[in-house]
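Report on one structure; see the data block that follows.
First the proteins, then the strands, lettered A, B, ... as listed; each starts at 1. In what follows, every heavy atom counts, from backbone to side chain, and hydrogens, waters and symmetry copies are set aside.
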Amino acid sequence: MNMNQVRVRFAPSPTGYLHVGGARTALFNYLYAKQNQGVFVLRIEDTDLVRSTDASTQAILDAMKYLGLDWDEGPEKGGDYGPYFQSQRLELYQQYADKLLASGRAYQCFCTPEELDQIRQEAVEQKRDPKYDGRCRNLTEAQRQELIRQGRKPVVRFKADYDGTTLVDDLIRGKVTFDNNQLDDFVIIKSDGMPTYNFAVVIDDALMAITHVIRGEDHLSNTPKQIQIYEALGFSVPQFAHIPMILGPDRTRLSKRHGATSVGQFQEEGYLAEAMVNYLALLGWSFDDSQTLFSKNELIEKFTLAKVSKNPAVFDLAKLQWMNGVYIRELSLDELYEQTLPLFQGWGFVPTEVSSELVGKVRSVLKILQERIKVLSELREVSYYFFQDELHYDEKAVRKVLGKEGAVEILSTLLPELLSVTDYTQENLEPIFRKAQEQHQRKLADIIQPVRVAVTGTNVSPGIYDVLAILGRARTCQRIKDTLALIKSRQEGSLGV
RNA sequence: GCUCCCAUCGUCUAGGGGUCUAGGACACCGCCCUCUCACGGCGGAGACAGGGGUUCGAAUCCCCUUGGGAGUACCA
């Protein structure tokens, strides 16, 4: 194996869905790996027995696939450095903990959670740092046996080195030094036998030959602890790159409180993977002063850790939406159709078996709506009137347009013309409206808007001739009749319109 | 509390001593296109957190203040 080969990893814990912050971390790792012909490892950190679920693991894998962040080693893929679930690597952690125990760099601690709480409380009261006081460091063999006999389940603590400083040489932040006296003897194996995060990452990253640890800045402060473990075990320390956090609009760490943060949710709402990837890449990274649109290949080519920003970035939904709109517009009609057909079927707009006539209709609808949507799921409300009989009138539009003087007359003169025009096509429809315009001596808009409201229920839609042509003569005329009746009934009810 | 990180338009950012009367993108505003909306085009408003240094010269280097973020668990 090439010893210089870049190996990076994304190591989510399956305690929820993949959120955008995690996805961005995964993306940066992926880009870095691809750019360097390296290996992208996916490892599941499921050592928290109570919070980890298989459903979460699956959701994360699905989200990764949707984004196209294909991993080279990991779940469903295997690899030479497995297993890739921490829960299946327990012997490994135990083995290395034993090593530390044997070399005197770790010890068993029998303190109960209550005792630890007390230690912390006292420390705070006395204005000392709330650190573990190391009281179990020098237990005698006899004392340990006694405690075990009492049924106490020990944890294993790392015997930290309190002297000097630990340097984290970060690819993004430069050299960061920590005073070792900030450390305490942290737990590496819990009483249930599971490793803690700070221990498991080190063992796994070392054993999996990870060369670059690219992860969120929230891990920067933990890095000194990890470095001490690397050194105590004689492992070589990988390169670190801590990328900035993603914040919500209120500048606190992005969370569910801020709305949609799960990648799966964005997928459901109709965000294209290309747009998500592009947007996420720009959250904390930039190329130059002008380019904002990047294909994935372009990102692989141009991404550099050196250009990753140091400051946290606020997640801007508006920009994501704009970008998604750009990518939707770039789709060919075939691609758009392929992406959206399942949605139309899910909404019950078209049946599972689509006739060729219906295919044509859907494509026509997509063609006129493509440049008007930012998210695929918007299609539902802006296209239902092409597929369903029942119309939902927007009250404001009805008042504003149909309540206008002359609306009834205009619709009434148009109706017979529409009923009798020979070919119900866009080209033949336009003259009818022009004619009516002259007849009534009104602006074209005054002729068109009542029709628009009558057939779509709203005063906003694609070009009216396109809409009518797709809708067809029968539906158009029926809706105009219905609308006329509606206006009449309202007038009789003396409610005005 | 302690430790660490960070600090350019509302947001993402370009900028790494002079070319900055600070550039781009989203959002916002106006105009054009126009049957409404959208797309597109054109234009506008909008920032170097504050204070000290260093220097002939600072958005760029150093220090302090302030502000924000993170860590400090038998969570990851």
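- A straight line from CD1 of A:Ile464 to C1' of B:U36 spans 9 Å, rounded to a whole angstrom.
- The base-pairing partner of B:A70, taking Watson-Crick or G-U wobble contacts with both distances under 3.5 Å, is B:U3.
- Residue-level contact check: A:Ser286 touches the backbone only, with heavy atoms under 4.0 Å from sugar-phosphate atoms and none from bases.
- For the pair A:Arg329 and A:Tyr327, the cation-pi test (distance below 6.0 Å, angle within 45°) is failed.
- Side chains of A:Ser461 and A:Tyr385: no donor on one and acceptor on the other come within 3.5 Å.
- Among the atoms of the strands shown, only primed sugar atoms or phosphate atoms (P, OP1, OP2) are found under 4.0 Å from some heavy atom of A:Lys310.
- With RNA chain B read from its 5' end, the first of the two nearest nucleotides for A:Ala445 and A:Asp316 is the one closest to A:Asp316.
- Residue side chain A:Arg372 reaches the base of B:C37 through a donor-acceptor N/O pair under 3.5 Å, judged by distance alone.
- In terms of polar N and O atoms assigned as donor or acceptor, the side chain of A:Arg173 never comes within less than 3.5 Å of the base of B:C6 in a complementary pairing.
- Residue A:Thr15 is out of contact with every strand shown, counting any heavy-atom pair closer than 4.0 Å.
- Of the residues in residues 17-25 of chain A, not one comes within less than 4.0 Å of RNA chain B through any heavy atom.
- In terms of polar N and O atoms assigned as donor or acceptor, the side chain of A:Ser191 comes within less than 3.5 Å of the base of B:C74 in a complementary pairing.
- In this structure, B:C35 makes no Watson-Crick or G-U wobble pair, since no nucleotide meets both defining distances under 3.5 angstrom.
- A distance of about 22 Å separates the C1' atoms of B:G68 and B:C62, rounded to the whole Å.
- The partner of B:A14, taking Watson-Crick or G-U wobble pairs whose two distances both stay under 3.5 Å, does not exist in any strand shown.
- We find that A:Asp46 and A:Arg51 are not joined by a salt bridge, their nearest charged nitrogen and carboxylate oxygen being 4.0 Å or further apart.
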Between the protein and nucleotides 41-47 of chain B, are there any N/O to N/O pairs under 3.5 Å, and if so, what are the atom names and distances?
none

- Task: Kindly determine whether A:Phe158 and A:Phe199 satisfy ring-ring contact (aromatic ring centres under 6.0 Å, His included), including the steps that lead there.
- Result: CA-CA 9 Å; A:Phe158 180 71; A:Phe199 188 57; 8.3 Å; no

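- A cation-pi arrangement is absent between A:Arg9 and A:Phe40 under the rule of less than 6.0 angstrom and at most 45 degrees off the ring axis.
- Of the side-chain N and O atoms in A:Arg329, one or more sit less than 4.0 angstrom from OP1 or OP2 of B:G40.
- Residue A:Arg157 is in sugar-phosphate contact alone, with no base atom involved, counting any heavy-atom pair closer than 4.0 Å across all strands shown.
- For the pair A:Arg135 and A:Asp133, the salt-bridge criterion is met [side-chain N within less than 4.0 Å of a carboxylate O].
- Checking A:Pro195 against A:Lys307, the closest nucleotide of RNA chain B that is more toward the 5' end is the one next to A:Lys307.
- Among the heavy atoms of the strands lying under 4.0 Å from A:Asn459 is at least one base atom, whether or not backbone atoms are also near.
- At B:A76, one or more side-chain N or O atoms of A:Thr47 fall inside 4.0 Å of OP1 or OP2 (strictly under the cut-off).
- Between A:Tyr279 and the choices A:Phe315, A:Tyr271, A:Phe294, the ring-ring contact (aromatic ring centres under 6.0 Å, His included) rule is met once, by A:Phe315.
- Residue A:Asp129 is classed as a base contact, given a heavy-atom separation below 4.0 Å to a base.
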- Query: How does protein contact run along nucleotides 60-72 of chain B, one letter per nucleotide 5' to 3', with B for base contact, S for sugar-phosphate only, - for none, heavy atoms under 4.0 Å?
  - Reply: --------SBBSS

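- Counting non-hydrogen atoms under 4.0 angstrom, A:Leu116 reaches a base of the nucleic acid.
- At a threshold of 4.0 Å, the pair A:Glu430-A:Arg434 counts as salt-bridged, since one of the basic side-chain nitrogens sits closer than that to a carboxylate oxygen.
- If you check every strand for non-hydrogen atoms under 4.0 Å, A:Gly463 touches a base.
- Counting non-hydrogen atoms under 4.0 angstrom, A:Val155 reaches a base of the nucleic acid.
- Side-chain atoms of A:Lys319 and base atoms of B:A25 include a donor and an acceptor less than 3.5 Å apart.
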